[in-house]
Engineer: 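Below is one structure. I have some questions about it.
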Amino acid sequence: MDDERLWLVERTYTDKGLVSLVYATTDGEYSVQRQRSMNMLRQGADVTAAIDADAESLNPVEDDETRQRYADEATRMADQHDPDETV
């Protein structure tokens, strides 16, 4: 299966020392969530503007409002950043 490009649309910090990153397609239809530890990020692990993910690993975005918000943010990120740019 082909890879899909997804753009960073949400970054949430948890009380457990984790950062939850949500990447979505520019149409907002699909997303994937990744978690990184704060320690890992402090040690230089980069958060990039986009990732490529296997299409089979994507989750459909069910909520219309969330889908539109993800589409808007993914499109903005795609317009303003290179995929491998650290953000």
Side-chain angles (χ1 to χ4, degrees):
M1 181 76 57
D2 292 333
D3 282 351
E4 292 282 332
R5 171 133 317 148
L6 295 97
W7 295 88
L8 183 65
V9 295
E10 189 174 287
R11 182 185 332 227
T12 307
Y13 298 87
T14 72
D15 59 353
K16 298 190 186 314
L18 296 175
V19 178
S20 179
L21 306 167
V22 178
Y23 289 86
T25 54
T26 54
D27 61 7
E29 295 288 325
Y30 295 96
S31 69
V32 67
Q33 183 172 336
R34 302 278 193 250
Q35 290 196 337
R36 302 286 184 264
S37 74
M38 290 293 290
N39 289 337
M40 188 173 156
L41 296 176
R42 283 188 199 111
Q43 294 174 0
D46 292 334
V47 174
T48 57
I51 61 170
D52 293 326
D54 186 293
E56 291 180 0
S57 70
L58 304 182
N59 300 308
V61 178
E62 303 293 337
D63 178 67
D64 289 339
E65 186 176 317
T66 302
R67 189 180 310 118
Q68 185 60 53
R69 183 169 53 88
Y70 284 1
D72 292 345
E73 184 62 14
T75 300
R76 185 187 72 77
M77 290 292 285
D79 289 345
Q80 295 182 4
H81 298 281
D82 290 329
D84 58 354
E85 185 177 344
T86 300
V87 293

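For this chain, numbers begin at 1 and follow the sequence in order.
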Engineer: If you look at every heavy atom in Ser37 and Leu18, which pair is closest and at what distance?
Structural biologist: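 Closest heavy-atom pair between Ser37 and Leu18: CA-CD2, 3.9 Å.
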Engineer: Measure the shortest side-chain to side-chain distance between Leu21 and Ile51 over non-hydrogen atoms and say whether it is less than 4.5 angstrom.
Structural biologist: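 No; the side chains remain at least 4.5 Å from each other.
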Engineer: Taking atom types as modelled, is there a side-chain donor on Asp72 or Gln68 under 3.5 Å from an acceptor on the other?
Structural biologist: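 Looking only at side-chain atoms, Gln68 and Asp72 do form a donor-acceptor pair, the distance falling under 3.5 Å.
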Engineer: Could you list the residues that satisfy salt bridge (Lys or Arg N to Asp or Glu O under 4.0 Å) with Glu29, not counting sequence neighbours?
Structural biologist: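 With neighbours one apart ignored, the set is Arg67.
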Engineer: Should Val87 and Arg11 count as side-chain neighbours, where that means a heavy-atom distance under 4.5 Å?
Structural biologist: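 Result yes, sub-4.5 Å side-chain heavy-atom pair found.
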Engineer: Atom NE2 of His81 and atom CG of Leu8: how far apart are they, to the nearest 0.5 Å?
Structural biologist: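 The NE2 atom of His81 sits 9.0 Å away from the CG atom of Leu8.
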Engineer: Kindly write out the residues that satisfy side-chain contact (heavy atoms from CB on, under 4.5 Å) with Asp79, not counting sequence neighbours, or none if the list is empty.
Structural biologist: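 Result, side-chain contact (heavy atoms from CB on, under 4.5 Å) vs Asp79: Thr75.
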Engineer: Looking at every non-hydrogen atom in both residues, tell me the closest pair between Ser31 and Val22 and how far apart they are.
Structural biologist: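 Nearest pair, atom of Ser31 first, then Val22: CB-CG1, 4.1 Å.
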Engineer: For residues Val32 and Asn59, report the shortest heavy-atom separation together with the two atoms involved.
Structural biologist: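 Residues Val32 and Asn59, closest heavy atoms: CA-ND2, 4.4 Å.
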Engineer: For Asp52, give me all partners under salt bridge (Lys or Arg N to Asp or Glu O under 4.0 Å), at least two apart in sequence or on another chain.
Structural biologist: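 With neighbours one apart ignored, the set is Arg5.
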Engineer: Return the set of residues passing salt bridge (Lys or Arg N to Asp or Glu O under 4.0 Å) with Arg76 (not counting sequence neighbours), or none when no residue passes.
Structural biologist: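 Testing Arg76 for salt bridge (Lys or Arg N to Asp or Glu O under 4.0 Å), a comparison that skips the adjacent residues, returns Glu73.
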Engineer: Ala53: which residues meet the side-chain contact (heavy atoms from CB on, under 4.5 Å) condition with it, sequence neighbours left out?
Structural biologist: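 For Ala53, the residues satisfying side-chain contact (heavy atoms from CB on, under 4.5 Å) (neighbours in sequence not counted) are Leu6, Arg34, Ser57, Leu58.
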Engineer: What residues, two or more places apart in sequence or in another chain, satisfy salt bridge (Lys or Arg N to Asp or Glu O under 4.0 Å) together with Arg69?
Structural biologist: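 Once residues adjacent in sequence are excluded, the partners of Arg69 under the salt bridge (Lys or Arg N to Asp or Glu O under 4.0 Å) criterion are Glu10.
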Engineer: Say you draw a straight line from CH2 of Trp7 to CD of Gln80; how long is it, rounded to the nearest 0.5 Å?
Structural biologist: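 These two atoms lie 10.5 Å from each other.
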Engineer: State plainly whether one hydrophobic cluster holds both Met77 and Val19, where clusters connect Ile, Leu, Val, Met, Phe, Trp and Tyr through side-chain heavy atoms under 4.5 angstrom apart.
Structural biologist: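 Hydrophobic grouping puts Met77 with Val19.
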Engineer: Specify the closest pair of heavy atoms between Val9 and Ala74, including all atoms of both residues, with the distance to one decimal.
Structural biologist: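 Here Val9 and Ala74 meet closest at CG1-N, 3.6 Å.
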Engineer: Could you pull out the closest heavy-atom pair between Asp27 and Tyr30, with the gap in Å?
Structural biologist: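 Smallest interatomic distance, heavy atoms only, reads OD1-N, 4.4 Å.
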Engineer: Any donor and acceptor pair, going by atom type alone, linking the side chain of Asp46 with main-chain N or O of Thr48 inside 3.5 Å?
Structural biologist: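 Side chain of Asp46 to backbone of Thr48, a donor-acceptor pair under 3.5 Å: no, none is there.
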